[in-house]
**Student:** 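A single structure is presented below for examination.
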Amino acid sequence: DYDTDQAVQYTDVIAVNRYYGWYTDPGSISVIRPQLRADIKGFHAKFKKPFIMSEYGADTVPGMLSDPDVMFTESFQTDFIRHYHSVFDEFRGDFFIGELIWNYADFATDQAVNRVSSKNFKGLMTRQRQPKAAAFSLRQRYASIDHSGKDLQIDQACGWDPIE
């Protein structure tokens with residue numbers, strides 16, 4: 001929470017983990033954009049530093065489908081990350097400098113009531129490294145981003161003096 005954070009003032013970059021629509025307001029895709037937008041804006045307004053979303057994601061049981069989308073389905077995971085990406089893109093090229101989805105591949109974990117088969121299913125790939133639907137969505141996203149760096153104006157946006 002940017003209002004109570006006591007560490008960011010000592011960092012060069014803001015990096016936060018968020019799971020709107022998953023751990024908070026589970027299954028509510030509609031809350032992602034307004035909550036995430038307010039959070040990112042709040043951090044930037046208070047600290048004026050580059051921002052990285054260091055963790056976000058939704059569990060998906062491989063091959064699980066439903067219409068309409070519900071939690072743990074491949075379509076839910078794809079829609080979930082697209083909502084995050086639309087907010088990231090509002091700030092990309094200004095002060096938003098990175099996104100790290102959780103996680104590359106499903107992995108084993110301790111037994112828990114929220115861990116089917118003792119696994120974390122937030123991966124874009126299965127444990128056998130087979131892509132889930134969201135992997136194709138992310139691939140398309142990254143292929144369409146301007147990688148030239150021309151859209152980044154971090155020094156000016158954050159009030160930094162470039163080192164020469």
**Student:** Counting only heavy atoms from other residues, nucleotides and ligands, does the tally under 6.0 Å from CZ of Arg37 exceed 12?
**Tutor:**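 More than 12 heavy atoms, drawn from other residues, nucleotides or ligands, come within 6.0 Å of this atom.
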**Student:** Would Tyr56 and Phe88 count as a close aromatic pair, with their ring centres under 6.0 Å?
**Tutor:** yes
**Student:** Please check this pair: side chain of Lys132 against backbone of Thr126, looking for a donor-acceptor N/O pair closer than 3.5 Å.
**Tutor:**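 Looks like no, no N/O pair under 3.5 Å.
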**Student:** Do Ser54 and Asn17 meet the criterion of a side-chain donor-acceptor pair at a distance under 3.5 Å?
**Tutor:**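 The criterion, which ignores hydrogens and geometry beyond distance, is satisfied for Asn17 and Ser54.
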**Student:** Passes salt bridge (Lys or Arg N to Asp or Glu O under 4.0 Å), Asp79 versus Arg82? Steps please.
**Tutor:** CA-CA 5 Å; Asp79 199 26; Arg82 284 181 180 161; 5.8 Å; no
**Student:** Which is it for Lys122 and Trp22 under the side chain to side chain contact (heavy atoms under 4.5 Å, CB included) test, yes or no, and what are the steps along the way?
**Tutor:** CA-CA 11 Å; Lys122 287 187 186 71; Trp22 190 256; 3.8 Å; yes
**Student:** Would a 4.5 Å heavy-atom cut-off, applied to side chains only, mark Asp69 and Ile29 as touching?
**Tutor:**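 A side-chain contact under 4.5 Å is absent here.
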**Student:** In this structure, are over 12 heavy atoms from other groups packed under 6.0 Å from Gln9 atom CD?
**Tutor:** yes
**Student:** Does Lys46 come within less than 4.0 Å of Asp5, counting only side-chain N to carboxylate O?
**Tutor:** no
**Student:** Distance from Asn120 atom CG to Asp110 atom CG, nearest 0.5 Å?
**Tutor:** 11.5 Å
**Student:** Verify side chain to side chain contact (heavy atoms under 4.5 Å, CB included) between Lys41 and Phe91, making sure each step is shown before the conclusion.
**Tutor:** CA-CA 9 Å; Lys41 281 182 176 181; Phe91 303 110; 3.7 Å; yes
**Student:** Test side chain to side chain contact (heavy atoms under 4.5 Å, CB included) on Phe95 and Lys48; report intermediate values, then the result.
**Tutor:** CA-CA 8 Å; Phe95 60 89; Lys48 303 284 191 266; over 6 Å; no
**Student:** Can Tyr19 and Glu55 be said to form a side chain to side chain contact (heavy atoms under 4.5 Å, CB included), step by step?
**Tutor:** CA-CA 8 Å; Tyr19 289 90; Glu55 199 174 299; 2.5 Å; yes
**Student:** Can you find a heavy atom in the side chain of Phe51 that is under 4.5 Å from one in the side chain of Val16?
**Tutor:** yes
**Student:** Find out whether Phe121 and Pro62 are in side-chain contact, i.e. whether some heavy atom of one side chain is under 4.5 Å from a heavy atom of the other.
**Tutor:**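 SC-SC contact between Phe121 and Pro62 confirmed.
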**Student:** Is there a donor-acceptor pair under 3.5 Å between the side chain of Thr73 and the backbone N or O of Leu65?
**Tutor:**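 Pair absent, no side-chain N/O of Thr73 close to backbone of Leu65.
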**Student:** Only one of Thr24, Asp39, Ile32 clears side-chain contact (heavy atoms from CB on, under 4.5 Å) with Arg18; which?
**Tutor:** Asp39
**Student:** With distance as the sole test, does Arg129 use its side chain to make a donor-acceptor pair with the main-chain N or O of Arg127 at under 3.5 Å?
**Tutor:**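 Judged by distance alone, yes, a pair lies under 3.5 Å.
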**Student:** Using a 4.5 Å cut-off on heavy atoms from C-beta on, say whether the side chain of Met53 contacts that of Phe96.
**Tutor:**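 Yes. Closest side-chain heavy atoms under 4.5 Å.
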**Student:** Taking the side chain as C-beta and beyond, is there a heavy-atom pair between Leu124 and Ile101 under 4.5 Å?
**Tutor:**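 In short, these two side chains touch, coming nearer than 4.5 Å.
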**Student:** Hey, are Asp59 and Gln77 close enough side-chain-wise for a donor-acceptor pair under 3.5 Å?
**Tutor:** no
**Student:** Hey, are the side chains of Leu36 and Tyr84 touching, using non-hydrogen atoms and a 4.5 Å cut-off?
**Tutor:**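 Yes, their side chains come closer than 4.5 Å.
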**Student:** Using side-chain heavy atoms (C-beta onward) and a distance below 4.5 Å, is Tyr2 in contact with Val8?
**Tutor:** no
**Student:** Is any side-chain heavy atom of Met125 closer than 4.5 Å to one of Tyr104?
**Tutor:**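 Touching, per the 4.5 Å side-chain cut-off.
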